[in-house]
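A short worksheet on the structure shown next.
Whatever order the structure lists them in is the order used to number ligands and atoms, beginning at 1. Scope of the values below: all heavy atoms of this structure, side chains included, with no hydrogens, waters or symmetry mates.
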Amino acid sequence: MKRVLLLGGTGDALQIARQLGPQHVYSLAGLGRVPQGLACAVRVGGYGGSDGLARFIESEGIALVIDATHPYAAQMSANAAAACRRAHVPCWALRRAGWTAQAGDDWRMVGGWDALADAIRPFRRVLFTSGREPLAHLDEIPAHQFWIVRCLDAHPGNERARIIDARGPFDIDGERALFALNRIDVLVTKNSGGEATRAKLDVARELRVPVVMMRRPALPEVDREFDSPAQLLRAMNEESGVL
Ligand code: NAP
């Protein structure tokens, strides 16, 4: 029976993990909540780079690695592809499509923190929905700005930043209230794709609020790519002995 290593940390990965039997391993970095009630084994923590991951694949008799990490978890995706090459096992990846700008959107693409800081400089009330990175820059908030940072962290914030520790999905009414209450005039986000966190873009369009969008990182080539958990699970079903 083939043993699968599923690299996760996303809602899509959890959907796949729920379908895995006890011989398979669901792997998490350990930053968020560890899900309960899964039939498969759950492993928490890094491997010490691609060499460590290759050693784990070999010693645990893993026959297939599925990279279902977040599209911005580029380091882990690179490690997975390199480790699979070294260990001679196939690497499949769930690569969820990004959002695309629609009529009425004002998206400003940026590639890193310095470009992001420049892009938000004209604005006063910034909503970050791009993860924890802004927490490392709270001492650099310009005098004319107030930041609202929504991320998975119970950070206390400071006099010019409020941190909202919240996990999606987020609906449109909640997002409208968030923008209105905080008088948001610019949104910063990653292009995560999917439905769970898309409503903020709909609200930004309604209110004509510009969006500073962090570009997706380049990801490695893999043996097979899928754009939804359902498509990936179908392929696993078709491969004898995987599910
Ligand atoms: P990253 O920069 O690509 O990875 C950093 C290191 O974390 C990796 O080198 C690896 O450590 C460890 N790691 C990452 N994913 C792992 C996994 N599934 N299982 C075991 N170890 C893992 O990743 P990140 O951007 O910090 O994201 C960390 C986790 O959060 C990922 O699993 C990702 O799916 C999830 N996530 C990320 C984002 C985002 O915006 N980046 C958003 C939502 C969820 P070693 O080198 O020691 O093996």
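- Under the side-chain contact (heavy atoms from CB on, under 4.5 Å) rule, Trp147 has a single partner from Ile120, Leu127, Ile163, which is Ile120.
- Salt bridge annotation for Glu195-Arg198: present, with a cationic side-chain nitrogen under 4.0 angstrom from a carboxylate oxygen.
- Here Arg183 does not pair with Asp185 in a salt bridge; the nearest charged N to carboxylate O distance is not below 4.0 Å.
- Atom 40 (O) of ligand 1 has as its closest protein heavy atom Lys190 NZ, 2.6 Å.
- Considering backbone and side-chain N/O of Gln75, one or more are found under 3.5 Å from N/O of ligand 1.
- Residue contacts with ligand 1 for Ala74 involve N, CA, C or O but no side-chain atom from C-beta outward (heavy atoms, distance under 4.0 Å).
- Close approach of ligand 1 to Gly48 is summarised as follows: ligand atoms under 4.0 Å from at least one heavy atom of the residue are 45 (P), 47 (O), 48 (O).
- Side-chain atoms of Arg160 come within 3.5 Å of backbone atoms of Ile141 as a donor-acceptor pair (strictly under, hydrogens ignored).
- Note that atom 6 (C) of ligand 1 has no protein non-hydrogen atoms nearby, at separations under 4.0 angstrom.
- Of the protein's non-hydrogen atoms, the one nearest atom 23 (O) of ligand 1 is Ala73 CB, 3.5 Å.
- Summarising the geometry, atom CD1 belonging to Ile16 is positioned 5.5 Å from atom CG belonging to Leu6; distances are rounded to the nearest 0.5 Å.
- Every N/O-N/O distance between Thr10 and ligand 1 stays at or above 3.5 Å.
- Atom 30 (O) of ligand 1 has its closest protein heavy atom at Leu31 CD1, 4.4 Å.
- Under the 4.0 angstrom criterion for non-hydrogen atoms, Ala13 is not in contact with ligand 1.
- Using a 4.0 Å cut-off to heavy atoms of Gly49, the atoms of ligand 1 that qualify are 45 (P), 46 (O), 47 (O), 48 (O).
- Taking 4.0 Å as the cut-off between side-chain N and carboxylate O, Glu175 and Arg150 count as a salt-bridged pair.
- Residue Asn79 places a heavy atom under 4.0 Å from ligand 1.
- Closest to atom 11 (O) of ligand 1 among all protein heavy atoms lies Gly46 CA, 3.7 Å.
- Shown here are the side-chain hydrogen bond (donor to acceptor under 3.5 Å, both in side chains) partners of Arg176, two or more places apart in sequence or in another chain: Asp173, Glu206.
- Looking at atom 3 (O) of ligand 1, its nearest protein heavy atom turns out to be Met76 N, 2.8 Å.
- Distance check, rounded to the nearest 0.5 Å: CG of Asp202 to CH2 of Trp99 gives 10.0 Å.
- Between atom OG1 of residue Thr10 and atom CZ of residue Arg96 there is a gap of 6.5 Å, rounded to the nearest 0.5 Å.
- Atom 29 (C) of ligand 1 has its closest protein heavy atom at Ala29 CB, 3.9 Å.
- In this pair, Trp92 and Phe226 present their aromatic rings tilted. The plane angle is within the 30 to 60° band.
- Rounding to the nearest 0.5 Å places CG of Leu219 at 13.0 Å from CE of Met76.
- In the vicinity of Gly8, heavy-atom distances shorter than 4.0 Å reach the ligand 1 atoms 18 (N), 31 (C), 32 (O), 33 (C), 34 (O).
- At most 12 non-hydrogen atoms from other residues, nucleotides or ligands lie less than 6.0 angstrom from CZ of Arg124.
- Atom 18 (N) of ligand 1 has Ser27 O, 3.0 Å as its closest protein atom, hydrogens excluded (heavy atom only).
- Contact annotation for Leu28 and ligand 1: only backbone heavy atoms (N, CA, C, O) come within less than 4.0 Å of the ligand.
- Ranking the protein heavy atoms by distance from atom 43 (C) of ligand 1 puts His70 CD2, 3.4 Å first.
- The Gly9 neighbourhood of ligand 1 comprises atoms 34 (O), 35 (C), 36 (N), 44 (C), with distances under 4.0 Å to a heavy atom of that residue.
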